[in-house]
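Positions are given from 1, in the same order as the sequence printed here.
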Amino acid sequence: MVHLDPESRVDDARLGRSARAARAATLVTRLQAMQRQINAKNFAVLRVNGRGMPATRKLTCVLHNWGAASETNAHELLKVYGEELLQHLDRSPLAVLWDGQGEHQAADAPDMALFSNRLKGRKLSYSGIALPIRLGAQGNGYVVFAGSYIDAPAEQVLDLHGRCAQVMADMLAADERRLFKGESLSDREIACLQMAGDGYISEEIAEKMGLSVHTVNAYLGAATTKLDSVNRIQAIAKAIRLGYIS
């Protein structure tokens, strides 16, 4: 039996926290660069919690740069528009815009009229644009940019939408990596998955790696189980998303 030194466990925990903090800082930097492009002052990432019936689902703010006003701003947004945003996420990939309460607070996107959904009323203390992201059963939600005057030309919105989707995908991959940390893939499992993803069948993988077909299938089966996938195709897709293979 291996006994871990308590200080080693503490060091591992610190390294884990440091890694998470570094990932969060990188995401914040990326999102701040995006907000500046459309004259926004802040961003917020909303993710859907709960599955199944709509009544069990809700949006939660998981990352933002609202600072001291974060609790108030997030509460206002979800209380006023949360249900509408959830319904919109189910039926449309188009951006959502709203104007703020102030006389000059607006989300201006004149060339986006046919490609966006504008929420009615000036109900919030800030204007905003919410870009819906759908990544499958998990990772769905919005990236929100807020401010007094949002200047959102169609070309920039389309570009930001794609970049926001990548941010959400990176967040989901980080979550899944934490879930699978105890079941990380071995080098052989990764190599077999990579070749399978490149289109090689088990016999060809076995020949190239100098293994038996039985052993290759065992590696692929173990990887599929570790990735909580129902088949090899799903395992390859998840391995790509998690960054194990390309």
Side-chain angles (χ1 to χ4, degrees), residues 16-17 19-35 38 40-98 100 107 116-121 123-147 150 157 160-181 228 238 241-242:
R17 288 194 296 269
R20 290 194 291 274
R23 283 195 295 268
T26 299
L27 294 173
V28 167
T29 299
R30 289 161 62 184
L31 289 163
Q32 285 178 325
M34 294 184 218
Q35 80 183 32
I38 55 174
K41 293 183 178 179
N42 301 103
F43 70 80
V45 177
L46 310 179
R47 288 178 64 174
V48 177
N49 286 334
R51 299 182 185 179
M53 299 298 292
T56 68
R57 298 183 306 154
K58 64 178 181 178
L59 286 167
T60 303
C61 184
V62 296
L63 185 66
H64 63 83
N65 67 342
W66 267 324
S70 62
E71 186 172 347
T72 298
N73 288 342
H75 176 75
E76 286 182 347
L77 173 59
L78 297 176
K79 180 181 179 181
V80 173
Y81 290 132
E83 188 57 37
E84 285 185 75
L85 289 173
L86 274 174
Q87 293 176 9
H88 178 82
L89 188 63
D90 288 336
R91 65 173 184 261
S92 175
L94 300 181
V96 178
L97 299 98
W98 66 88
S116 63
N117 178 46
R118 186 171 289 275
L119 301 177
K120 296 179 180 180
K123 302 177 181 180
L124 295 175
S125 58
Y126 50 87
S127 306
I129 179 171
L131 303 174
I133 310 297
R134 292 189 59 86
L135 299 177
Q138 301 180 38
N140 300 328
Y142 287 90
V143 176
V144 174
F145 296 103
I150 306 296
V157 171
L160 292 181
H161 209 159
R163 291 161 65 189
C164 287
Q166 186 58 57
V167 165
M168 291 283 272
D170 290 346
M171 292 179 69
L172 178 59
D175 290 345
E176 290 184 326
R177 276 191 180 278
R178 286 197 293 274
L179 289 175
F180 292 123
K181 188 174 181 181
D228 192 27
K238 184 170 284 189
R241 189 167 72 244
L242 293 173

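In this structure a side-chain-to-backbone donor-acceptor pair under 3.5 Å is missing from Arg30 to Arg163.
Listed by chain and residue number, Asn73 satisfy the side-chain contact (heavy atoms from CB on, under 4.5 Å) test with Ala69 (two or more places apart in sequence, or in another chain). Partners of Tyr126 under the ring-ring contact (aromatic ring centres under 6.0 Å, His included) rule, at least two apart in sequence or in another chain, are Trp66.
The closest side-chain heavy-atom distance from Leu31 to Val45 is below 4.5 Å. Using a 4.5 Å heavy-atom threshold, the side chains of Arg47 and Thr60 count as separate.
Pairing each heavy atom of Leu135 with each of Ala165, the nearest pair is CD2-O, 4.4 Å. In terms of heavy-atom proximity, Tyr142 sits nearest to Val96 at CE2-CG2, 4.3 Å. What you find for Pro93 and His161 is that their closest heavy atoms are O-CE1, 3.1 Å. Taking every heavy atom of both residues into account, Val143 and Cys164 meet most closely at CG1-SG, 3.5 Å. In plain terms, the two heavy atoms of Ala74 and Cys61 that are nearest each other are CB-CB, 4.2 Å. Smallest separation of non-hydrogen atoms from Leu59 and Gly141: CD2-CA, 4.5 Å.
The CD1 atom of Ile129 sits 7.5 Å away from the CG atom of Leu160 when rounded to the nearest 0.5 Å. A distance of 12.0 Å separates CG of Leu172 from CD1 of Ile133, quoted to the nearest 0.5 Å. For the atom pair Leu46 CG and Met168 CE, the distance stands at 8.0 Å (nearest 0.5 Å). Rounded to the nearest 0.5 Å, atoms CG (Asn49) and CG (Asn140) are 11.0 Å apart. Expressed to the nearest 0.5 Å, how far NZ of Lys79 lies from CG of Leu77 amounts to 13.0 Å. A distance of 10.5 Å separates OG1 in Thr29 from CE in Met34, rounded to the nearest 0.5 Å.
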task = Tell me, with the steps shown, if Leu97 and Ile150 meet side chain to side chain contact (heavy atoms under 4.5 Å, CB included).
result = CA-CA 9 Å; Leu97 299 98; Ile150 306 296; 5.9 Å; no
inquiry  = Run the side chain to side chain contact (heavy atoms under 4.5 Å, CB included) test on Asp90 and Arg57 for me, step by step, so that the C-alpha distance in whole Å, both residues' side-chain angles and the decisive distance to 0.1 Å come before the verdict.
reply    = CA-CA 12 Å; Asp90 288 336; Arg57 298 183 306 154; 2.7 Å; yes
message = Between Lys58 and Leu78, is the side chain to side chain contact (heavy atoms under 4.5 Å, CB included) condition met? List the steps.
response = CA-CA 9 Å; Lys58 64 178 181 178; Leu78 297 176; over 6 Å; no
request  = Would you please test Asn42 and His64 for side chain to side chain contact (heavy atoms under 4.5 Å, CB included) and show each step?
outcome  = CA-CA 7 Å; Asn42 301 103; His64 63 83; over 6 Å; no
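Pairs of residues two or more places apart, or lying in two chains, that qualify as ring-ring contact (aromatic ring centres under 6.0 Å, His included) and include a residue from residues 75-97 are Tyr81-Trp98.
A donor atom on one side chain and an acceptor atom on the other are found under 3.5 Å apart for Asn65 and Gln35.
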